[in-house]
Structure formats: structure tokens, C-alpha cells
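Take a look at the structure set out below.
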2 protein chains.
Amino acid sequence: MLKPIAIVLVHYPVLDRRGDVVTSAVTNLDIHDLARLAKTYNIARYYLVTPALEQQQLVARIVSHWRDGAGAVYNPDRCEALDCLRVMNSCEDACNDWQGLVGQKPLILLTGANQPNGMSFDEARTLAAQHPLLLVFGTGHGLALGLHAPDRPWLVPVRAGQYNHLSVRTAAAIVLDRLLGDAASASQLP
Amino acid sequence: MLKPIAIVLVHYPVLDRRGDVVTSAVTNLDIHDLARLAKTYNIARYYLVTPALEQQQLVARIVSHWRDGAGAVYNPDRCEALDCLRVMNSCEDACNDWQGLVGQKPLILLTGANQPNGMSFDEARTLAAQHPLLLVFGTGHGLALGLHAPDRPWLVPVRAGQYNHLSVRTAAAIVLDRLLGDAASASQLP
């Protein structure tokens, strides 16, 4: 059964290593890794957000190769995973699309490595069982702080420690497993 | 504190999509993603196994860029993570090196998406608290079955379900988080 959770991979607005707000470039492996992750965890939508038209066209070409081109024959598993992918101009568009699909306003959760006072995974798991969720991941050096709002809390980082520089692919995998993996389900038993 | 766990990323012997045993090509992002993951989870060694000399030279060039070249200035976090990386000719060489470092024979755990009767994560966590561990991940379509032996058990797949096609990067992230993440530590409390 599909989970009422969508993931968003944001290429704008994100930070670069200087802390400036930029549009990051799409990474081919992010398209596949997060689509396969979404499919494996029964997630209904994977929104890839970039306002850059050329980048949107690049994603469309890649997806077309795996869905309709030689890739569909070469690797049908990749093809199947891409069904959940939607390219969007902005986080707001992604949120609106997801709201239309689930029929109610989703809870938006922002993720990042620098928000130690964010919502705990336990709390997020409880909320995810009650509300449709939109889980937002940043590329580059993380989501722009301007995305934060009182009704858009941060989730705590995956690791508290001196070194916490996971790629967005691996961080998203860990977050989804904590929220939806077998251990997460077990912990929701009465 | 460094954990007595090492990870191995195997490029030979692995399966291709037809089930033949092959040497897969090194993926640049695997080098970084797994090194950053290892560093984040305090893992002492990340062994990248390939017997192909040109592939070993390619890894050496990439590492040199990030450790000694322009990359070291551009992104010191990547540079730091690569400290734990060692390129090896074979799984046996990786195991011997790790045994030399920890002073005893490590428990070798193989990972894959097709071994539902493998060791549970609970059991693996318990063992990891008692023995040095060598966690082996396959590229391509997974580890060659010939790597299996009675004293080299499989770990159960991350997900039991119809679709279970995670990239090795995201699967490794989930496995390490289950074995070493905060929830794993909490579950070891009496």
C-alpha cells in the first residue's frame, strides 16, 4: 500500500558552500537513487524541484531514456521506479500537487544536518501515522533557511557528532528507513 | 570513538544482470558517499575491492584530487572522509588487513537483496557489540554467491517486499544506521 508520504529533492533554494542561496545542478544518480528508494518504501511521489528550464529538460531526457528508450528494456526496475517522479518549479508547487493528491494539507518537514533542536524522529513517526507528510531534502550545502516557517519544522539531523556530512542520497535513505522501515513499524505497535 | 566495523565495497566478484560473475566499474559517487558515511558513523576502514589495475589507478587519481589537489581546499570534508579508504585486490586482502588492525578474526557479514533467510539485524547488532565486523556490500547486481560460506553469513535484506532495488549507496546507509545509529544504541540498553 502506498504511504501518505512524499519526498522532495530541492535544487532551489539551497545553499552553496559559502552560504549563498543558489540553484544547484541536477545529479543523475539522485534521480535514480531516490526513485528506487521511494519505490522500495512504497512512497507515492518523489518531487524533484528545479526552476531551471534546461535542468528540467535534462531530467525529462534521462527519464525518457529509462521509461521509453533503450533503458526500459535494459533495466525495467529503474523504469518502474521512475513512475513516482514529478519535476516541479518550486516547493510550493510540489506541496500543492501533493495536497491535491491526498486531499488535505500535508505536514511539511524540512531536513538538514545543522538543526539539532528540530523535531525528533519519534515525534515525526507519530505525526506521519496521522497526517500526509512532505519530506523535504536539500542538495548542495542544504536547504535555504528561508524555507523554514513555524508550520514547516526541521527534523533533527541523522547524526549528532563532529562529522555529519552525508550525501543527500544516503541521508534520505536513513530518514525514510527510520520513519517507514520495519523497526519503525514495530515501534508503533501498542 | 572508532567502531570495530569495516565496510567493503566489492567490484569483483559480483553479478551482472544476467547472473554472470563480472568485475564492475568503480563509480565516483560510491567512493565519496561511502567514505562520508563511514566517517559519519565512526567506521575505521572502508575497503574498495577491485582487482583491475586501471580501476585502482582511477581511484588513486580521484582520491589524490580530493586529498592533495584542488579538492582538498575546495571541500575539506570530502578530503577528511577519504582517510578511511583503502583499495584492495580482493575481499580476502581486505579481511586480512582488517584482522591485522583489530587483532582478531572479524565476523564477515555479506549483504544482498535476495537472502530473506539471512541473519536478522537484531542478531547482527548483538554480534557487532562482541566481535569486530566486516560488512560486505556488492556493486552491480550484488555479491557473487561464491563468496558465501558457513562462517560468512548473509544479512537479511533491508526490505522484504516486491520491489527491493536500492542502490548500494542507500542500502549501505540504511544497514549502518540500523547497526550503529542512535536507535541501535538505544536498543542495546538493558
Side-chain angles (χ1 to χ4, degrees), chain A residues 1 16-18 27-43 73-81 83-84 113 120-122 125 141 156-187, chain B residues 1 16-18 27-43 73-81 83-84 113 120-122 125 141 156-187:
Chain A
M1 201 188 72
D16 68 5
R17 64 199 179 94
R18 290 184 203 86
T27 303
N28 179 40
L29 279 185
D30 284 345
I31 299 176
H32 295 296
D33 277 19
L34 270 69
R36 293 160 68 184
L37 187 66
K39 182 79 186 168
T40 298
Y41 282 81
N42 292 320
I43 282 176
V73 180
Y74 180 80
N75 193 333
D77 297 329
R78 286 203 174 183
C79 164
E80 189 184 349
D83 280 350
C84 62
S120 72
F121 278 92
D122 277 344
R125 261 195 304 275
H141 283 244
V156 288
V158 159
R159 292 287 279 180
Q162 292 194 305
Y163 189 97
N164 184 12
H165 301 285
L166 296 173
S167 70
V168 71
R169 299 169 289 282
T170 53
I174 293 165
V175 168
L176 284 183
D177 189 63
R178 289 191 187 176
L179 294 183
L180 297 173
D182 300 338
S185 311
S187 76
Chain B
M1 201 188 71
D16 68 5
R17 64 200 180 95
R18 290 183 204 87
T27 302
N28 178 39
L29 279 186
D30 285 344
I31 300 176
H32 295 296
D33 277 19
L34 270 70
R36 292 159 69 184
L37 188 65
K39 181 80 186 167
T40 299
Y41 282 82
N42 292 320
I43 282 175
V73 179
Y74 180 79
N75 194 334
D77 297 328
R78 287 202 174 183
C79 165
E80 189 183 350
D83 281 349
C84 62
S120 72
F121 279 92
D122 278 344
R125 260 195 305 273
H141 283 245
V156 288
V158 160
R159 291 288 278 181
Q162 293 194 304
Y163 189 97
N164 184 12
H165 301 285
L166 296 173
S167 70
V168 70
R169 299 168 288 282
T170 53
I174 293 165
V175 168
L176 284 182
D177 190 62
R178 288 191 188 177
L179 295 182
L180 298 173
D182 301 338
S185 312
S187 76

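Values below: all heavy atoms of this structure, side chains included; hydrogens, waters and symmetry mates excluded. Throughout, protein chains are lettered first and strands after them, A, B, ... in sequence-line order, and every chain is numbered starting at 1.
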So how far is it from [X] [atom1] to [Y] [atom2], rounded to the nearest 0.5 Å?
X     : Y      : atom1 : atom2 : answer
A:H32 : B:S167 : NE2   : OG    : 11.0 Å
A:D33 : B:D33  : CG    : CG    : 7.5 Å
B:N28 : A:L29  : CG    : CG    : 9.5 Å

*Return the minimal non-hydrogen interatomic distance between A:D177 and B:R178, and the atom names on each side.*
OD1-NH2, 2.6 Å

*asked:* Looking only at heavy atoms and a cut-off of under 4.5 Å, which of A:L34, A:T170, A:N164 has the most pairs with chain B?
replied: A:T170

*Measure the shortest side-chain to side-chain distance between B:N42 and A:R159 over non-hydrogen atoms and say whether it is less than 4.5 angstrom.*
yes

*By a 4.5 Å heavy-atom criterion (distance strictly below it), what part of A:A35 contacts chain B: side chain, backbone, both, or neither?*
neither

*Between A:R169 and chain B, which part of the residue has a heavy atom less than 4.5 Å away: side chain, backbone, both or neither?*
both

